[in-house]
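Start at 1 and go down the list; that is how both ligands and their atoms are numbered.
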Amino acid sequence: MDEKQIIESLQFVLHPKLKKSLIDIGMIKNISVKGGAVTLDLALKSERSPLRKVLVAQIEKAVGALPGVSSVQVGIITLSREEFEKIFPRAPLKGIENVTHFLAVASGKGGVGKTTVAVNLALALAQHGLKVGLMDADIYGPSVPLMLGITETLAQKDNMIIPKEKYGLRIMSLGMTASSNEAFIWRGPLVSKMIHQLFDQVNWGELDYLVIDLPPGTGDPSIAVANAIPHCSILMVTTPQEVALADVRRAIELFHKTGQTIVGLVENMSYFICSHSEQPIEIFGHGGGEKLQEETGIPLLGTLPIDLELQQGGDSGVPLLVSLPDSATSNIFRTIAKKIADQMH
Ligand SMILES: Nc1ncnc2c1ncn2[C@@H]1O[C@H](COP(=O)(O)OP(=O)(O)OP(=O)(O)O)[C@@H](O)[C@H]1O
Ligand SMILES: [Mg+2]
């Protein structure tokens with residue numbers, strides 16, 4: 001008896017949904033035969049898969065029926081995400097079929113400037129001649145419309161939502177829907193469904209970049225984005241102080257677990273240049289971004305100052321890259337955007 005016979009015997013053990021043999025779809029691995037003892041591994045999505053019991057029984061029966069087999073030992077291993085997606089390809093998300101790169105702006109902590117960075121980076125990429133969309137995935141507190149001065153609600157065509165065009169960006173936010181002022185309690189499955197719809201039912205069209213503004217933390221929306229777009233890269237925003245770093249570390253860990261690539265770190269509110277002196281004042285301490293870079297190997301792509309014009313740009317709906325494109329801070333955004341574009345190409 002050899003491996004070939006085992007494989008043949010398993011041709012008739014089918015995946016109940018796919019109706020294809022476990023052998024053909026790659027869910028049987030590591031077959032070994034020693035005398036009459038057969039061991040093999042069954043690769044499942046998770047060890048707790050509801051299919052486990054029934055498939056193990058069918059494998060034992062099929063292999064056990066071969067002449068010369070004295071025992072069958074089925075081990076359970078888990079499929080890597082790539083393997084899983086190869087076996088169970090998902091329906092493509094309609095709205096983003098023609099989007100080349102995805103970049104989500106994240107941080108472990110609230111209020112560190114994610115939205116400010118997402119908005120101005122998206123503008124820097126657009127001013128670089130790229131086609132850029134900006135998706136507000138902060139379903140709890142969408143602030144993209146405010147920062148871009150958008151008050152109109154969204155239009156629909158052919159059952160798809162049309163993103164709003166402004167400052168050369170295509171923008172979509174739940175803050176641009178008629179019910180945006182209603183308090184809504186988002187629970188896990190709903191969050192995931194909503195995020196899915198923002199990719200599937202918004203006609204993003206052809207884009208070089210879709211920049212995604214995530215809410216703070218490591219909650220459902222971040223996981224929903226990772227699930228919907230496994231190849232989405234992440235940009236982490238932090239502030240210099242140690243308390244912010246702890247949260248950022250947790251977020252980095254989450255994105256490692258979901259298998260996302262973290263393209264870099266941006267340290268925001270790093271220093272303040274006072275009008276009376278050239279010397280930067282490090283209000284929130286020093287070196288958080290550098291420390292994280294050393295610890296994690298994730299490159300620090302830039303440090304942004306505390307800039308009152310940047311803040312006013314956010315409040316007035318005319319972002320800094322539009323109101324003062326030649327300012328020192330605007331230049332830093334462009335440098336960061338260039339580094340990201342170079343890396344993601
Ligand atoms: N470098 C900066 N200099 C001055 N003000 C800044 C800077 N970065 C962000 N701000 C201001 O800090 C506030 C919070 O920024 P922002 O909304 O971008 O943070 P966030 O991380 O997206 O917050 P949330 O976690 O609530 O989504 C805003 O008023 C913004 O204008
Ligand atoms: Mg925000």
Side-chain angles (χ1 to χ4, degrees), residues 103-124 134-150 169 171-176 180 183 186 191 195 198 211-222 224-225 234-241 243-248 250-252 254 265-275 280-286 288-289 300-324 327-337:
L103 177 71
V105 180
S107 83
K109 216 171 151 57
V112 297
K114 288 175 296 299
T115 307
T116 306
V117 169
V119 162
N120 285 288
L121 265 186
L123 286 164
L134 177 61
M135 172 177 143
D136 189 351
D138 191 343
I139 53 177
Y140 308 109
S143 48
V144 165
L146 197 79
M147 285 207 190
L148 288 165
I150 299 173
L169 300 177
I171 304 140
M172 164 67 198
S173 165
L174 288 189
M176 287 148 64
S180 60
W186 290 101
V191 171
I195 298 282
L198 288 172
V211 177
I212 301 160
D213 180 30
L214 287 175
T218 50
D220 295 326
S222 303
V225 168
I234 309 286
L235 179 71
M236 294 295 305
V237 181
T238 183
T239 48
Q241 62 272 51
V243 282
L245 299 190
D247 291 322
V248 177
R250 253 194 298 282
I252 291 176
L254 167 87
L265 305 162
V266 169
E267 188 184 273
N268 189 27
M269 310 193 208
S270 295
Y271 53 92
F272 180 68
I273 309 253
C274 157
S275 52
I281 307 167
E282 294 175 325
I283 294 177
F284 293 129
H286 174 83
L300 176 61
L301 303 179
T303 53
L304 290 159
I306 295 172
D307 182 330
L308 298 182
E309 278 152 344
L310 182 59
Q311 184 267 319
Q312 281 154 9
D315 276 358
S316 65
V318 188
L320 192 75
L321 258 91
V322 175
S323 62
L324 294 167
S327 74
T329 305
S330 289
N331 275 327
I332 300 175
F333 275 114
R334 269 193 295 275
T335 308
I336 296 170

key: Pro216 side chain near Lys114 side chain, heavy-atom distance below 4.5 Å   = yes
request  = For Gly110, counting its heavy atoms only, list the atoms of ligand 1 lying under 4.0 Å from any of them.
outcome  = 25 (O)
ask   = In the protein, which heavy atom is nearest to atom 5 (N) of ligand 1, and how far is it?
value = Gln311 CB, 3.3 Å
inquiry  = Ignoring hydrogens, what is the shortest heavy-atom contact between Ala124 and Phe333? Give both atom names and the distance.
reply    = CB-O, 4.0 Å
ask   = For atom 19 (O) of ligand 1, which protein heavy atom lies nearest, and how many Å away is it?
value = Gly113 N, 3.0 Å
ask   = Looking only at heavy atoms, which two atoms of Val112 and Asn268 are closest? And how far apart?
value = O-ND2, 2.8 Å
request  = Answer yes or no for Pro305: is there a heavy-atom contact with ligand 1 below 4.0 Å?
outcome  = yes
task = Measure the distance from atom 2 (C) of ligand 1 to every protein heavy atom, then report the residue, atom name and distance (to 0.1 Å) of the closest one.
result = Leu310 CD2, 3.6 Å
query = At what distance, to the nearest 0.5 angstrom, does CG of Asp315 lie from CG of Leu146?
reply = 7.0 Å
message = Tell me the contacting part of Pro215 for ligand 1: side chain, backbone, both, or neither, using a 4.0 Å heavy-atom threshold, strictly below.
response = neither
ask   = Just distances here: any N/O of Lys114 and N/O of ligand 1 closer than 3.5 Å?
value = yes
ask   = Considering distance alone, does some N or O of Thr115 sit under 3.5 Å from an N or O of ligand 1?
value = yes
Any protein heavy atom nearer than 4.0 Å to atom 28 (C) of ligand 1 = no
remark   = atom 17 (O) of ligand 1 sits nearest the protein heavy atom Met147 CE, 3.4 Å
ask   = Which atoms of ligand 1 sit under 4.0 Å from any heavy atom of Pro216?
value = 25 (O)
ask   = Relative to atom 8 (N) of ligand 1, which among Asn268, Thr116, Val119 owns the nearest non-hydrogen atom?
value = Asn268
ask   = Is there at least one protein heavy-atom neighbour under 4.0 Å from atom 13 (C) of ligand 1?
value = no
request  = Only heavy atoms count here, so choose which of Gln312, Met269, Glu309 is nearest to atom 6 (C) of ligand 1.
outcome  = Met269
ask   = Looking at the Mg ion (ligand 2), is one of the N, O or S atoms of Thr115 less than 2.8 Å from it?
value = yes
key: Heavy atom of the protein closest to atom 3 (N) of ligand 1 (residue, atom name, distance)   = Asp307 N, 2.9 Å
ask   = For Gly314, is the nearest heavy atom under 4.0 Å from an atom of ligand 1?
value = no
ask   = Among the heavy atoms of Asp138, does any lie under 4.0 Å from an atom of ligand 1?
value = yes
message = Is it the case that ligand 1 has an N or O less than 3.5 angstrom from some N or O of Val112?
response = yes
key: Residue pair Pro305 / Thr329: nearest heavy atoms and the distance that separates them   = CG-OG1, 3.5 Å
key: N or O pair under 3.5 Å between Gly111 and ligand 1   = yes
